[in-house]
Amino acid sequence: ATALEPAAINIISGNNPAGKLVTEACDPFVVEVVTGTSVPVPNIDVDFTITSFPPGAVGQILSRLVDTTDSNGRADTTLTLGDTSGTYTVRASYGALFADFTVVAGPQAPYEVVLSGPSGLTAGQISTAYTIEILDQYGNQSPVTTDTVFDLGHAPSTTGTFYRDAGGTDPILGTPPQITIPNGNADVNFYYLDTTATSTPFDLTADLASGQGGMTVTSDAWPITILPAGIDHFGVSGATTTLDAGSSRSITVTAYDEYDNIQDDYAGGVPLVFAGANASPDPSSTAPTVNGTAFGTPTTLTFTAGEATGTVALYRAENTAITATAGAITTPATADLEISVRHLAADHVKFSGSLPGSATAGASFGFGATLDVVDLYDNICNGTNGGTAYTSAGVTVTYDLNVSTQSPEGDEAVFTNPVNFINGRSTSALSATLYLAADDVTITPSIAGIGGTNIASNLIDVAVGAPDHLRYTT
């Protein structure tokens with residue numbers, strides 16, 4: 001035991017040194033142990049301990065953990081700083097007595113460029129911040145000593161834009177766009193917005209253009225993926241070559257976001273209502289279908305990765321614009337499927353409309369309708385969309401009645417003949433004189449060489465004419 005009683009530990013030198021950098025050795029931390037009357041106390045052991053250091057720091061070490069005071073009551077140790085910038089604290093202690101040394105370690109010189117930020121973005125939404133950092137060789141931010149400019153890139157995307165602000169109001173323009181880390185700073189933020197979804201990641205890049213010298217790594221890349229923005233509309237696609245009435249083909253319905261990216265997480269059975277094509281003309285009135293379900297009636301298609309397939313059948317000769325709807329999700333005109341449907345070959349004959357519902361025996365009456373040569377589905381054979389038009393002059397039309405064509409005295413019904421046709425429709429004025437008074441008379445036209453099932457007219461009531469003469473019967 002010493003005859004002198006230690007009363008205080010005083011710092012002599014080494015505290016708060018200026019300009020120290022990570023991994024450097026500091027000047028010795030020197031303390032003096034004294035009595036209550038400031039007399040140095042020799043030959044006692046002073047403990048030295050690193051009591052705090054920056055999170056994650058490694059490599060910090062003291063030259064000795066215990067030192068015996070000399071004749072001047074002094075003891076010392078030397079701290080080698082760790083690899084992380086920040087505050088390091090070393091305590092010298094003897095019993096309950098202590099003194100704390102503090103060192104703020106700065107970074108080493110700029111060594112590399114590091115780019116970081118979010119990896120997954122949503123199409124049409126601005127990102128959170130991306131950061132370009134200048135780091136020393138140990139990963140500490142190291143401020144540049146001059147304004148330092150970086151070229152930004154987002155190849156191969158052609159729809160992306162960099163911004164200086166999170167609100168997306170200050171675009172970074174130029175070819176290439178550039179951003180600057182000001183002198184004395186170690187980082188800068190920017191933001192990114194893109195409208196094109198990607199199935200595979202691509203890189204945002206930062207390349208040193210000018211400024212800070214001496215760095216070993218002068219560029220960096222950060223992979224990102226652009227995700228669809230959420231379903232906005234459907235697109236209907238398929239072959240657009242002309243289709244024969246009554247034929248079918250495969251179609252695909254695709255779920256898109258508002259930027260026409262496929263919504264590839266859209267999956268499962270979805271009841272869709274199709275529109276944009278019409279039923280064939282009367283009397284066949286065959287409705288267009290998808291997978292056998294008529295347009296206008298929900299039919300469930302199964303989506304996988306944003307796409308579903310079905311089979312459409314069309315019967316009316318027309319130009320269609322096929323759309324699909326599920327609730328509020330519709331198909332815009334820019335995404336519909338346009339298919340031209342042509343009529344088939346001539347199959348049968350029908351009237352274009354209703355004939356007069358009443359007539360008088362022996363009196364001629366006009367039909368008020370044309371004769372139409374139509375295909376199997378009652379499409380007029382007028383050449384629409386490349387179909388073969390029925391055009392012929394001097395055609396003999398046969399008119400069959402559901403009653404006798406003769407009056408009781410042998411007067412034969414008279415019809416317009418021959419008849420001219422242009423593009424499937426008669427151009428001659430059509431009329432008839434019926435001599436047999438009867439109710440519910442029908443007229444069924446036919447043309448030689450057109451062998452389908454011809455369509456009878458509506459019912460006609462033929463009334464008795466005015467009294468003309470007397471006839472004896474036995």
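What you are looking at is a predicted structure, and each value in this text was computed from that prediction instead of being measured.
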Checklist entry - Is the gap between the ring centers of Tyr191 and Phe162 under 6.0 Å? => result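 So the answer is no for these two rings.
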
Checklist entry - Looking at the rings of Phe202 and His154, which for Trp means the six-membered one, are their centres under 6.0 Å apart? => result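 Between Phe202 and His154, the centre distance exceeds or equals 6.0 Å.
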
We want to know whether [X] and [Y] form a side-chain donor-acceptor pair, criterion being a heavy-atom distance below 3.5 angstrom.
X      : Y      : result
Thr252 : Glu307 : no
Arg425 : Thr370 : yes
Arg342 : Thr388 : no
Gln141 : Asp187 : yes
Gln263 : Asp257 : no
His233 : Asp260 : yes
Ser358 : Asp461 : no
Ser285 : Asp282 : yes

Checklist entry - Step by step, would you call Asp207 with Phe150 a side-chain contact (heavy atoms from CB on, under 4.5 Å)? => result CA-CA 5 Å; Asp207 294 277; Phe150 291 89; 5.8 Å; no

Checklist entry - Who passes side chain to side chain contact (heavy atoms under 4.5 Å, CB included) against Thr311, sequence neighbours left out? => result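 For Thr311 the side chain to side chain contact (heavy atoms under 4.5 Å, CB included) partners, ignoring immediate neighbours, are Ser248, Asn291.
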
Checklist entry - Considering residues at least two apart in sequence or located in another chain, which fulfil the side chain to side chain contact (heavy atoms under 4.5 Å, CB included) criterion with Val414? => result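 Testing Val414 for side chain to side chain contact (heavy atoms under 4.5 Å, CB included), a comparison that skips the adjacent residues, returns Thr433, Tyr435.
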
Item to check | Contact list for residues 413-433, test ring pair (Phe, Tyr, Trp, His ring centres under 6.0 Å), sequence neighbours left out | outcome: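 Qualifying pairs: Tyr390-Phe421, Tyr399-Phe415.
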
Next on the checklist: Quick one, Asn189 with Thr131, criterion side-chain hydrogen bond (donor to acceptor under 3.5 Å, both in side chains). Give me CA distance, side-chain angles, the key distance, then yes/no.
Outcome noted: CA-CA 5 Å; Asn189 291 336; Thr131 302; 2.7 Å; yes

Checklist entry - With respect to His348, which candidate in Asp378, Thr453, Thr444 satisfies the side chain to side chain donor-acceptor pair (under 3.5 Å) definition? => result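 In the set Asp378, Thr453, Thr444, the residue that makes a side chain to side chain donor-acceptor pair (under 3.5 Å) with His348 is Asp378.
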
Next on the checklist: Just to verify, what does Tyr377 make a ring-ring contact (aromatic ring centres under 6.0 Å, His included) with, not counting sequence neighbours?
Outcome noted: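 Once residues adjacent in sequence are excluded, the partners of Tyr377 under the ring-ring contact (aromatic ring centres under 6.0 Å, His included) criterion are Tyr315.
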
Checklist entry - Under the ring-ring contact (aromatic ring centres under 6.0 Å, His included) test, which residues partner Phe53, sequence neighbours left out? => result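 Checked Phe53 against ring-ring contact (aromatic ring centres under 6.0 Å, His included); zero matches.
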
Checklist entry - What residues, two or more places apart in sequence or in another chain, satisfy salt bridge (Lys or Arg N to Asp or Glu O under 4.0 Å) together with Glu24? => result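 Checked Glu24 against salt bridge (Lys or Arg N to Asp or Glu O under 4.0 Å); matches are Lys20.
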
Next on the checklist: Counting only heavy atoms from other residues, nucleotides and ligands, does the tally under 6.0 Å from CD1 of Ile422 exceed 12?
Outcome noted: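 No - once you tally the heavy atoms of other residues, nucleotides and ligands closer than 6.0 Å, there are 12 at most.
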
Item to check | Candidate list Ile329, Ile262, Ile231, test side-chain contact (heavy atoms from CB on, under 4.5 Å), partner Tyr256, passing option | outcome: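 Output: one option passes, namely Ile262.
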
Next on the checklist: If I take atom CD1 from residue Ile450 and atom CG from residue Asp375, how far apart are they, to the nearest 0.5 angstrom?
Outcome noted: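 Answer for the CD1-CG pair, Ile450 versus Asp375, is 11.5 Å.
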
